[in-house]
Amino acid sequence: MRLRPINLLLKSPKPHHSSATLRHLSAEPQNPPPLSEEPRNTTKPIPQIVSVLQTTNPDDWPTNTHLHHHLLLLSSPPSFLKIARQLGSSQKSLQFFNYLKNNPPPPNSSPTSPPPPPQVISNLSFVFQAVFEHALREEGPESSPSKLLELFNFSKEQNVPLSVNSATLLIKFFARAKMFQESVAVFSKLDPDLRNVHVVNLLLDSMLKSGRIDDALKVLDEMLESEFNVQPNQSTMDTVLSAVLTRNWSGRNVREEEIIGIVSRFGEHDVFPNSVWLTQLISKFCRSGKCDKAWELLHEVMRLRGEVKAAPCNALLTGLGKERDFQRMNLLMNEMKEKDISPDVKTFGILINHLCKCRRVDEALEMFKKLRGGNESDAVSVEPDVVLCNTLIDGLCKVGRQEEGLELMGKMKSEHGCAPNTATYNSIIDGFCKAGEVERAFELFDMMNKDGVEPNVITLNILLDGMCRHGRVGSSLEFFNDMQGKGLKGNAITYSVLITAFCGANNIDKAMKLFDQMLQSGCSSDAVVYYSLISGLTQAGRLDDASFVVSKLKKAGFCLDIVCYNVLIGGYCRRNKFEQAYEIFKDMEHAGLKPDRVTYNTFISYFCEKGDFKTTHRVLKKMMEDGFLPNVVTYGAMIRAYCMAGNIDEAMKIFRDMNSSSKVSPNNIIYNILIDTLCKNDKIEVALTLMDDMKDKGVRPNTTTYNAMLKGLQARNWLEKAFKLMDEMTEKACNPDYITMEILTGWLSAVGQTEKLRSFVQGYEVSFSVS
DNA sequence: CTAGGGTTAG
């Protein structure tokens, strides 16, 4: 439910007093001056009055001339506040309030005339403020807010305007009690001329916390209008930004454009988000894929000359790095230089990380060297830290330069003053694992244990993955058990590695057992573990089991992603179960996922395989309507289908089409199927032309290409051409397989060319022994 | 800063 829009700052309902009265009231100080500044001649009566009020019966006050006399000596509302405060309780101060209300002391200078003169109303406001203060203290911030609410209502009935401090106190109190409507009501009751930035900030906070973003933005809007006299301050900005950033209430999202607008308008009041807020905003924008907006925000702050430090720039650089926007990264770095924003170690970390992720490791190394000065003019003095070193080491390992990574790790302590940590070792261990050097990886594992660097679950997962990918699936489980014995628990990734490995090793039952073990161990699972098992089961053709796991996945609250749907659709298609494939497809659309190019290609391949060209073209049309142009896979499936159907002309037509109209370059799979079919249809010359065309286009013929071609040449007994191709194979290090050998042994021995065959095989002896 | 699944033509 939304309250009516309120023009809170400019106009407010003034139900109890004529506006003239209130205007008059505004002469009262917004904050009462400290009590020590009380005019000297009034200090004397205060203790007297307090003493009388404390020791006599309130019923007797109206007739107490002594009291009356002293009250006449008071000159300012704050004196009344001071007295009421000293009365010590809300009850007593409320009695004082009633007394004053019913027995207003005559004003010091002006002639008496009803209605009550402003001075009197002001006195009452201040006395009531003390009532609120006492009540708040008596009630405590934790207990039920009913008493303050009653008092607030009473003050309204009594037509006592709120002092600014009363309003502050009440708004804060109600907001803390989550009574946001009451907070707003208090604000509405406060005379607009009394409203200061502090009160408005409290109101904003209340509105934002109750999810009334639009009302809050409206208030903010009015505040940012220059004609209004309450100017926003740093605290206003903090209030708004903290609400925008920690969106944990029911309010709507605030769009990036709105935030930029707000920041920009604050900037015109010379108020800027501090470095932390700005950094968080930029990170948030970048994370939601709005790097453009992050860029705009930072530059808006720069344009308005707000102070920008390295941290927000770093956040933007990170985002730009993820988008691979190298150009703007450079641009920002130059701007930082221009604006004298000195980059820190994180800035360089981001840049080096980005270079590494783009596999431009040498440039990363270059930048790393410049860090510690040297003699170069563009050197910077930033000390690399562990993270920076790790980034670089990981970059080296990822491109297979783990030996250099190891070297750098050795220098870390001596040259850079930072000791390798678990992440350092993990990167290098992973480097060796990926290179198949699992032994070396374990040597490093021993080394880290000796160095007192604790392995973690990532170390475990890296080693398990390394073992599994290099023929040690069985012992990987032993290692896992070992580590569990040492207190290292596996996580979802551990199980996903193992499940994939066991599925790949055709040990589906073990994979299923591991999955159950994971669920029982209470380790937090994620969708990927399910995907791994589903994919493994589908690959093994166990689609019933796969769909059972799908149901478990859904029960666990996860969703299938498009890839997983494609896996299942492909699985059913491959097993000729179109009905079920289509079921899955409908389920996918029901879940709100759109088919992608792979989904379409899967169906196209299915109908191609059936030789159903009519349906194939229907799906193709639908695919293009959905905005997906056919790609090399689409063409491949169709070319193959026409080849299989014996329609080589149509296959060649599609092949020419993809070159000319679609600009999709064929790959060796497409060339191979065409060459093979042409040869089988006795069109050796065309096949040879196609093979030349292939080489011209830079597509490498592989063993399958040569096999197809050699078979065709064999049919024509074109020995010379065959010898040429054999030499080419050797030259290009294209290994013959058993099919090559079958063709050649049959053909060449029959025509007495065993010598040529012998020398051909000799050229591969080395590589044969390796494989 | 470090770890996992994955689709469609052969």
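The analysis underlying the following values was restricted to heavy atoms, covering all of them including side chains, and did not include hydrogens, waters or symmetry mates. Just so it is clear: chains get the letters A, B, ... in the order the sequence lines come, proteins before strands, and each one is counted from 1.
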Out of [options], whichever nucleotide has its closest atom nearest the side chain of [X]:
X	options	result
Thr500(A)	dT7(B), dG5(B), dT2(B)	dG5(B)
Lys357(A)	dT8(B), dG5(B), dT2(B)	dT2(B)
Val598(A)	dT8(B), dG4(B), dT2(B)	dT8(B)
Glu609(A)	dG10(B), dG4(B), dG5(B)	dG10(B)
Arg469(A)	dT2(B), dT8(B), dG4(B)	dG4(B)

What pairs meet the ring pair (Phe, Tyr, Trp, His ring centres under 6.0 Å) rule with one or both residues in residues 495-519 of chain A, with sequence neighbours excluded? Phe480(A)-Tyr495(A), Phe515(A)-Tyr530(A)
Determine which pairs satisfy ring pair (Phe, Tyr, Trp, His ring centres under 6.0 Å) with at least one residue from residues 440-477 of chain A, sequence neighbours left out, and list them in order. Phe442(A)-Phe479(A), Phe445(A)-Phe479(A)
For [X] and [N], what is the distance between atoms [atom1] and [atom2] respectively, to the nearest whole Å?
X	N	atom1	atom2	result
Asn421(A)	dT2(B)	CG	P	12 Å
Phe368(A)	dC1(B)	CZ	C1'	13 Å
Asn702(A)	dG10(B)	CG	P	14 Å
Asn314(A)	dC1(B)	CG	C1'	15 Å
Tyr606(A)	dT7(B)	OH	P	21 Å
Ile352(A)	dT2(B)	CD1	P	14 Å
Tyr635(A)	dA9(B)	OH	P	17 Å
Ile739(A)	dG10(B)	CD1	C1'	12 Å

For Asp561(A), answer base if it contacts any base atom (sugar-phosphate contacts may also be present), sugar-phosphate if it contacts only those atoms, and nothing otherwise; contact means non-hydrogen atoms under 4.0 Å. base
Base, sugar-phosphate, or nothing: which does Val386(A) touch, judged by heavy atoms less than 4.0 Å apart?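 Result for Val386(A) = nothing.
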Among all residues two or more places apart in sequence or in another chain, which pass the ring pair (Phe, Tyr, Trp, His ring centres under 6.0 Å) test with Tyr425(A)? none
Under 3.5 Å, side chain of Asp676(A) to main-chain N/O of Asn672(A), donor-acceptor pair present? no
Main-chain N/O of Cys503(A) paired to Asn507(A) side chain as donor or acceptor, under 3.5 Å: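 Answer holds: no.
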Interface with DNA chain B, restricted to [range] and to heavy atoms under 4.0 Å:
range	result
residues 394-411 of chain A	Asp394(A), Lys398(A)
residues 438-464 of chain A	Ile458(A), Asn461(A), Ile462(A)
residues 476-497 of chain A	Asn491(A), Ala492(A), Ile493(A), Ser496(A), Val497(A)
residues 648-671 of chain A	Asn667(A), Ile669(A)

Residues in side chain to side chain contact (heavy atoms under 4.5 Å, CB included) with [X], at least two apart?
X	value
Lys513(A)	none
Cys559(A)	none
Asp430(A)	Lys398(A), Lys434(A), Ile462(A)
Val664(A)	Val632(A), Tyr635(A), Met658(A), Ser662(A)

Which residue pairs pass the salt bridge (charged side-chain N to carboxylate O under 4.0 Å, His left out) test with at least one member in residues 560-578 of chain A, sequence neighbours excluded?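 Applying salt bridge (charged side-chain N to carboxylate O under 4.0 Å, His left out) to every pair that reaches into residues 560-578 of chain A, excluding sequence neighbours, yields nothing.
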Could you check Phe348(A) against His354(A) for ring pair (Phe, Tyr, Trp, His ring centres under 6.0 Å), going step by step and ending with a plain yes or no? CA-CA 10 Å; Phe348(A) 289 102; His354(A) 182 251; over 10 Å; no
If you take the centroid of each ring, where Trp contributes its six-membered ring, are Tyr582(A) and Phe585(A) closer together than 6.0 Å? yes
Taking the six-membered ring for Trp and the single ring otherwise, decide whether the centroids of Phe607(A) and Phe578(A) are under 6.0 Å apart. yes
Yes or no on side chain to side chain contact (heavy atoms under 4.5 Å, CB included) for Ser476(A) and Leu498(A), after CA distance, side-chain angles and deciding distance? CA-CA 8 Å; Ser476(A) 73; Leu498(A) 293 172; 3.6 Å; yes
